[in-house]
Amino acid sequence: SRCRTQRDPFLMRCPACRQPITETEASCRQCGFTMEALAAQMGIAPQLTRPVADLGGVLSASEHRTMARAVQLMEQRFPDISGAVVISEIPAHLTPELYAFWLFNRTSLFSAVEKGGNNHGVLLLLDSRSTRAAVMIGYGLEPLVPETILEICLRPVAASLLKGNLAAAGEAFFRE
């Protein structure tokens, strides 16, 4: 096998259909998804800050601290990874995965320097009005973190969301 150079396109998965594409492709060959079409549909992205962005203001101060501490502990354990939690109502016309992709790429949660294979961000999206959640990882983590691992990390999130405990959901994800 050969090492990837800066000239090699980075392989990733389409956020809509999950088929492999390269970061240089303008649209997914399988489903036609483009970030531009999604961005036009969504409009201006909200201003978000890490580690916890509670768009609906549903967390108490204590819950916010609990979730922020969970992100901080994960970042201490894995210093090359940046974590973020967004709590928001997911628009009804979008899947949680597409909404997470839009937030991941159109907000200031992760540095503009962290593009393509250099992005080691982890975004946990929690729907504040349902039990839906999604995780989005940077393209730099995709070759290292199989989707099965992300599914395992989301299991305790689902259990906490069923109980209506968003803070416990965030804490469980980053602990896992």
Side-chain angles (χ1 to χ4, degrees), residues 12-21 28 30-31 33 35 38 41-42 45-46 48-78 80-107 109-110 114 119-176:
M12 58 190 213
R13 292 199 177 276
C14 171
C17 70
R18 305 300 301 154
Q19 293 301 308
I21 59 173
C28 176
Q30 184 72 27
C31 69
F33 172 82
M35 178 54 143
L38 179 60
Q41 182 182 23
M42 295 303 296
L48 304 177
T49 57
R50 289 187 333 100
V52 179
D54 180 8
L55 295 178
V58 298
L59 296 178
S60 69
S62 172
E63 290 171 324
H64 192 279
R65 283 190 303 274
T66 296
M67 207 175 285
R69 180 74 178 139
V71 173
Q72 180 185 34
L73 289 171
M74 186 270 312
E75 290 176 340
Q76 286 174 349
R77 186 171 177 204
F78 303 102
D80 291 340
I81 297 176
S82 301
V85 180
V86 175
I87 300 167
S88 175
E89 289 186 13
I90 298 173
H93 66 284
L94 291 181
T95 65
E97 293 77 16
L98 278 176
Y99 189 54
F101 180 81
W102 178 72
L103 291 171
F104 194 101
N105 288 284
R106 293 297 177 169
T107 64
L109 286 172
F110 303 100
E114 299 173 309
N119 190 310
H120 298 130
V122 175
L123 169 65
L124 174 63
L125 172 64
L126 303 173
D127 191 339
S128 59
R129 49 169 194 186
S130 77
T131 59
R132 299 188 306 165
V135 62
M136 177 66 49
I137 61 173
Y139 297 136
L141 293 176
E142 280 193 2
L144 306 172
V145 181
E147 287 188 40
T148 54
I149 296 298
L150 297 175
E151 291 169 9
I152 289 168
C153 292
L154 281 172
R155 283 185 197 141
V157 170
S160 295
L161 289 177
L162 284 171
K163 296 175 186 171
N165 192 336
L166 293 168
E171 186 178 24
F173 175 81
F174 286 103
R175 184 179 56 243
E176 192 68 36

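In what follows, residues are counted from 1 in the order of the sequence shown.
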* To do: Identify the two heavy atoms, one from G83 and one from F174, that lie closest to each other, and give their separation to 0.1 Å.
  => CA-CE2, 4.3 Å

* **Main-chain N/O of T131 paired with D127 side-chain donor or acceptor, under 3.5 Å** => no

* E75 CD to R77 CZ distance, which is reported to the nearest 0.5 Å -> 13.5 Å

* **Student check: side-chain heavy atoms of E176 and E171 closer than 4.5 Å** => no

* Any L126 side-chain heavy atom under 4.5 Å of L161 side chain -> yes

* Which is it for L125 and V135 under the side-chain contact (heavy atoms from CB on, under 4.5 Å) test, yes or no, and what are the steps along the way? -> CA-CA 6 Å; L125 172 64; V135 62; over 6 Å; no

* Structure fact -> So SG of C17 and CD of Q30: to nearest 0.5 Å the spacing works out to 5.5 Å

* **Gap between atom CG of L141 and atom CZ of F78 - 0.5 Å precision** => 10.5 Å

* Asked: Can you check whether V145 reaches V122 side chain to side chain, under 4.5 Å on heavy atoms?
  -> no

* Asked: Measuring from I137:CD1 to I81:CD1, what's the distance to the nearest 0.5 Å?
  -> 9.0 Å

* To do: Taking the side chain as every heavy atom from C-beta outward, state whether C153 and L150 have any pair of such atoms under 4.5 Å apart.
  => no

* To do: Please tell me if the side chains of S160 and L166 come closer than 4.5 Å, counting only heavy atoms from C-beta onward.
  => no

* Given the rule in the ring-ring contact (aromatic ring centres under 6.0 Å, His included) test, do Y99 and F104 qualify, once you have shown the distances and angles that lead to the verdict? -> CA-CA 8 Å; Y99 189 54; F104 194 101; over 10 Å; no

* To do: Measure the shortest side-chain to side-chain distance between H120 and S82 over non-hydrogen atoms and say whether it is less than 4.5 angstrom.
  => no

* **Stepwise side-chain contact (heavy atoms from CB on, under 4.5 Å) check, L94 with Q41** => CA-CA 10 Å; L94 291 181; Q41 182 182 23; 4.2 Å; yes

* To do: List the atom of V52, the atom of A68, and the distance in Å for their closest heavy-atom pair.
  => CG2-N, 3.6 Å

* Structure fact -> So SG of C31 and CD1 of I21: to nearest 0.5 Å the spacing works out to 8.0 Å

* Where is the tightest heavy-atom contact between M35 and N105, given as atom of each residue plus distance? -> CE-CB, 3.3 Å

* How far apart are the closest heavy atoms of P96 and I90, and which atoms are they? -> CB-CD1, 3.7 Å

* Asked: Does some side-chain heavy atom of S88 sit less than 4.5 Å from a side-chain heavy atom of S128?
  -> no

* To do: Please assess I87 against V85 for the test side-chain contact (heavy atoms from CB on, under 4.5 Å), listing each intermediate value before the final yes or no.
  => CA-CA 7 Å; I87 300 167; V85 180; 4.2 Å; yes

* Where L124 and G170 come nearest, the two heavy atoms and their spacing -> CD2-CA, 3.8 Å

* Asked: Between L109 and L103, what is the shortest heavy-atom contact and its length?
  -> CD1-O, 4.5 Å

* Test item: M67 and L59 side chains (from C-beta on) under 4.5 Å apart, heavy atoms -> yes

* To do: Kindly indicate, with the supporting measurements, whether the criterion salt bridge (Lys or Arg N to Asp or Glu O under 4.0 Å) is fulfilled by E97 and R18.
  => CA-CA 10 Å; E97 293 77 16; R18 305 300 301 154; over 6 Å; no

